[in-house]
Number of protein chains: 2
Amino acid sequence: MTGVRQTTPLDRVAGAHDAAVLAVARRGDPVSRAELADALQVTPQAISKIMGRLMGRGLIAEAGTLAAGPGKPTTLYRIVPSSRRAIGLHLTRSRVHGVVVDLSGEILERRELEIGRLQPVPELIETLATEARALAEVGPGVLLGAGVGMPGPVDWSEGVYRGTSDPDPWRGAEIRRLLLEELGLPVLLDHDSRAALVGETWSQPGLLHDAALVLVEDGLGASLCLDGSIVRGAHSHAGEAGHTVVRMGGTPCTCGRRGCAQAEYQAALAAGDDDLAAQVLATIVVDIVRLVDVDRVVLGGRTVYAHHESSMNAIRAALAEGLHAEPWVHVEVMLSTRGTDLIAVGAACEVLEHEYGNPQALVGPGS
Amino acid sequence: MTGVRQTTPLDRVAGAHDAAVLAVARRGDPVSRAELADALQVTPQAISKIMGRLMGRGLIAEAGTLAAGPGKPTTLYRIVPSSRRAIGLHLTRSRVHGVVVDLSGEILERRELEIGRLQPVPELIETLATEARALAEVGPGVLLGAGVGMPGPVDWSEGVYRGTSDPDPWRGAEIRRLLLEELGLPVLLDHDSRAALVGETWSQPGLLHDAALVLVEDGLGASLCLDGSIVRGAHSHAGEAGHTVVRMGGTPCTCGRRGCAQAEYQAALAAGDDDLAAQVLATIVVDIVRLVDVDRVVLGGRTVYAHHESSMNAIRAALAEGLHAEPWVHVEVMLSTRGTDLIAVGAACEVLEHEYGNPQALVGPGS
DNA sequence: AGAGTAAGGCAACGCTGTTGCGTTACGTCA
DNA sequence: TGACGTAACGCAACAGCGTTGCCTTACTCT
C-alpha cells in the first residue's frame, strides 16, 4: 500500500505548531505572543504568522491588550470556543448518552436514551444516528464529526467493535463505517476508558503528560497517556486493565483466567466488602505506576462515583505504602472533571483531538 | 527556565529524516532511493539530498547498483558500521561487563571485571572509567560516548542512581555527571531493562514498534516500547514490573507490599518450583499485553537464560489462554538476540540512539 | 511635547522538501 | 553498430516554514 502523500513535511511543521498554540490557548487564560513563543520554542515573529493562520480559520481571536509599564501593550489572544463543535456518544448495553461540545470541550447539550439490550446492529446504527442528528441541531460553529465511546474490545484504527466471546449481536460491528455512511460526517470509535482520557487531556492540556485514567463502569478499564500521547497499542486494544491478575488462582474471570482485577473487584462488591474492592483498585493503580511511571491518576466512571472519596483515599494510601522507598516519586490522584459525562465528552474530544490535536509523527511509517 | 533554542524546526525535519534513513539502512540489506522514499513518504529527490548529508558525514556509502530490466540501474546504499562507535557498560553489584559496539550495534570488544560489593562511589567511577578507557582503544570510527545500564531505580534524565532504602553507598550517586567529568565523553545512564530494550530496537529497527522486554536478572524488570518510543515515564522511573502485585496478600516483598511478582518469582525458585516461577513470569507478561497491547515480547536476562525454553513456553501458553476470546490479537514471544550481552550492548545503543535515533518531538515542551 | 521603552509588522533570508525538465546509463531491436 | 525506449538521477527553480534585521506603533514617564 504505497499511499499517496497527503501532507508535506512543511505542512506538518505548521500543523504541529498550530496544534500547540491551540493547546496553550485552551488552558483558558488569554495568552500573549511572548508566552507562546516561549512555550513552542520559536520566535515571536513565528507566532505572529501562526496566529494569522489560526485567526483566518476563526479558531483564535484577539482578546484585548495588557499594559505592563512603558512600551506598547501586549496583545492577548484567546481561543474561540464557538467556532467548532463535535458530537460525543457514550454507548453501553442499556443506553446512549450523547453530548455536543464546543472547541474548548464545554457541553452545549446533553441527551439520554434507554435502548433495548439486544438491538441488532442496523437498528443500533439508526439509534445512534438519530441521537447524533438531534445533537447536531444545537449550537453554533462548524460541526466536525461524531465520536463514539464504548466498553469492551474496540479497534480504534479499524473502527470496529471486536466483542467478547459470548453470543453477541454487536460482535465485529463496523460501527465507524456504518455510522459515517449514515451521518455523512467523520466518525471515530474508541474504547470508553481511552475516550475518557482523551477528554481529560483535551480540557487540561499539558497537565496529563504522563497519566493513567482508571474507569470503573460495568467493567474495569485503564487508559494511559505517556509522554503526551494516548496509548492505543498494536491492535488498538490497550486498556484492558480489568484483566490484570492481582490474585493468582483467585476468583474465576469471564476471560478464562483467575484472579483478574475485575473479577476480584466485582466479587468484593457483591460480598459487600467495599474496602476490599477499593484495595483491588488501589493495587492495580500502584502496579501501573510502577510499570510506566505516570505522575497523575484520574479516577472516573459511574460505579466508582458513589464512593470516590474512599476509593481515592485507598489509592493514595497504597501509593504511599508502595512507594515509601522512593520519596522522589510523587503521584497526584484526582477525580475526573467531567462526572458521569466523561465518556461522552471524551468521545467528542476524540474528534477535536483528531482535527486540532497533537500532530502525527514527523516521519511517516517507519516500515 | 527560558532555554535558548538549539535547533530550528527545519533542522528537526532534516534530523528526523536522517534518523529514519539510518534506521532503514540498519536493517542490513542495501537499500535504494525508491524504497527509502516510500518508507519516509517523501520524494526520491528528497532522498538524494538526505543521502548527500549522510554521506558527507560518512554514515552511509554507496553499495553498488542493481540492474533490473532496461533503464539506468538502481544505486544501492548501505550503512557504514565502522564510522562510529559507542561504549556500553553493564553495572551490577558484583561486576562490570563492558562492550564497544559499532554503528550497527555489533560488538567489537568485550571486557569483564569483578568488583567489590561495597565500592564507594569515587572508586566505582574510577573503575568504570578504567574499563571505558580500555574499551575506547578498540576499533575504528568516531567514539560517541558511553552508556551505563544498571538495575534498580535509575533516573535517566538526571543521570542519577536513586537507590533503594537499604543503607547503600551508591544511593543518589550522580553517575552520569561524574563519569562524564572523568572521561570527557558524553555519558548516558539508564535502567538495565530499558537499556536492553533500546539495544533490541536499535538492531532490529521497525520490528519492535510496540513491544515489551522482560528482564530477569537479580530482580525482575520490564520495559516498554510503545508506538516506537521507549517508555521512561514522568520520573524516568518506568519498568519496575517486578513490584507488580500478582497475589494480593502473598509473599512479603522488600518494597513493603505483599505478593509482588519479584517476591513470588524468587520464592518459587527458592522452593525449587520452576513451573510456578515461569507462571509468575507468564502472568505479568499477559497483564502487560492486556494493559498496553504490545505485539512482541522479548525475554532476556542472566537468570532466565538457563530455562528460557520453558519460560517462553509458559508465556505462550498463558497468552493463548488469556487471549482465547480475542483471536485477532497475536503476540510474538522471542528471546533476546544478544544473550548475556544484552544490557551492555543496550547501554551502548543508548548512545547511538541518542545521537542518531528517532527525533525528539517536533514541537518543544508543551508547557 | 519629547524621550524612552516594549510590542509587533514587513521584507529579505536560509533551509526544508517539491516540481519540472534535462542527463545518464542501461537494455533492446533494427 | 547505432537508434530507440526506459528507468534512475541530478540540476535549478519553487513554495513554505521559521529566522533575522529593521522599522513602525503605542504606550509611559519626564
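The basis for the numbers below is simple: all heavy atoms, side chains too, and nothing from hydrogens, waters or symmetry mates. Chain letters run A, B, ... following the sequence lines, proteins first, then strands; residues in each count from 1.
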task: Using the test salt bridge (Lys or Arg N to Asp or Glu O under 4.0 Å), find all partners of A:Glu353 that sit at least two apart in sequence or belong to another chain.
output: none
Whole angstrom value for the distance that separates C1' of C:dG17 from CG of B:Leu40: 12 Å
query: Whole Å only: how far is the CG atom of B:Asp18 from the C1' atom of C:dC15?
result: 13 Å
task: Figure out the CE/P separation between A:Met51 and C:dC10, and round it to whole Å.
output: 16 Å
query: Base, backbone or nothing for each nucleotide of nucleotides 3-9 of chain C, written B, S, -, heavy atoms under 4.0 angstrom, 5' to 3'?
result: -BBBBBB
message: Less than 4.0 angstrom between a side-chain N/O of B:His17 and OP1 or OP2 of C:dT16, yes or no?
response: no
message: Just to verify, what does B:Leu108 make a side chain to side chain contact (heavy atoms under 4.5 Å, CB included) with, not counting sequence neighbours?
response: B:Arg85, B:Val100, B:Asp102, B:Val138
- prompt: How many Å lie between CG on A:Leu54 and C1' on D:dG18, as a whole number?
  reply: 15 Å
- prompt: How close or far is atom C1' of D:dC9 from atom CD1 of B:Ile50, stated in whole angstroms?
  reply: 15 Å
query: Whole-Å distance between D:dC9 P and B:Met55 CE?
result: 11 Å
task: Specify the separation, in whole Å, of atom CG of B:Asp11 and atom P of C:dC13.
output: 20 Å
- request: Check whether any side-chain N or O of B:Arg53 sits under 4.0 Å from OP1 or OP2 of C:dG17, and answer yes or no.
  value: yes
field: Lys NZ or Arg CZ of A:Arg26 over A:Trp202 ring: under 6.0 Å, within 45°
entry: yes
field: Partner residues of A:Val351 under the side chain to side chain contact (heavy atoms under 4.5 Å, CB included) criterion, sequence neighbours left out
entry: A:Ala86, A:Leu144, A:Leu188
All N/O donor-acceptor pairs, side-chain side in residues 49-71 of chain B, below 3.5 Å, sequence neighbours left out:
from, atom 1, to, atom 2, distance (Å)
B:Arg53, NE, B:Asp18, OD1, 3.3
B:Arg53, NE, B:Asp18, OD2, 3.4
B:Arg53, NH2, B:Asp18, OD1, 2.8

field: Nearest-neighbour nucleotide for the B:Leu10 side chain, C:dT16, C:dT19, D:dT19 considered
entry: C:dT16
- request: Before giving the answer on side-chain hydrogen bond (donor to acceptor under 3.5 Å, both in side chains), spell out for A:Ser48 and A:Gln45 the whole-Å C-alpha distance, their side-chain angles and the decisive distance to 0.1 Å.
  value: CA-CA 5 Å; A:Ser48 292; A:Gln45 183 58 36; 4.7 Å; no
task: Could you tell me which residues satisfy side chain to side chain contact (heavy atoms under 4.5 Å, CB included) with A:Asp155, sequence neighbours excluded, listed by chain and number?
output: A:Ser157, A:Glu158, A:Arg162, A:Ser236
field: A:Arg12 side chain near D:dG18 phosphate (N/O to OP1/OP2, under 4.0 Å)
entry: no
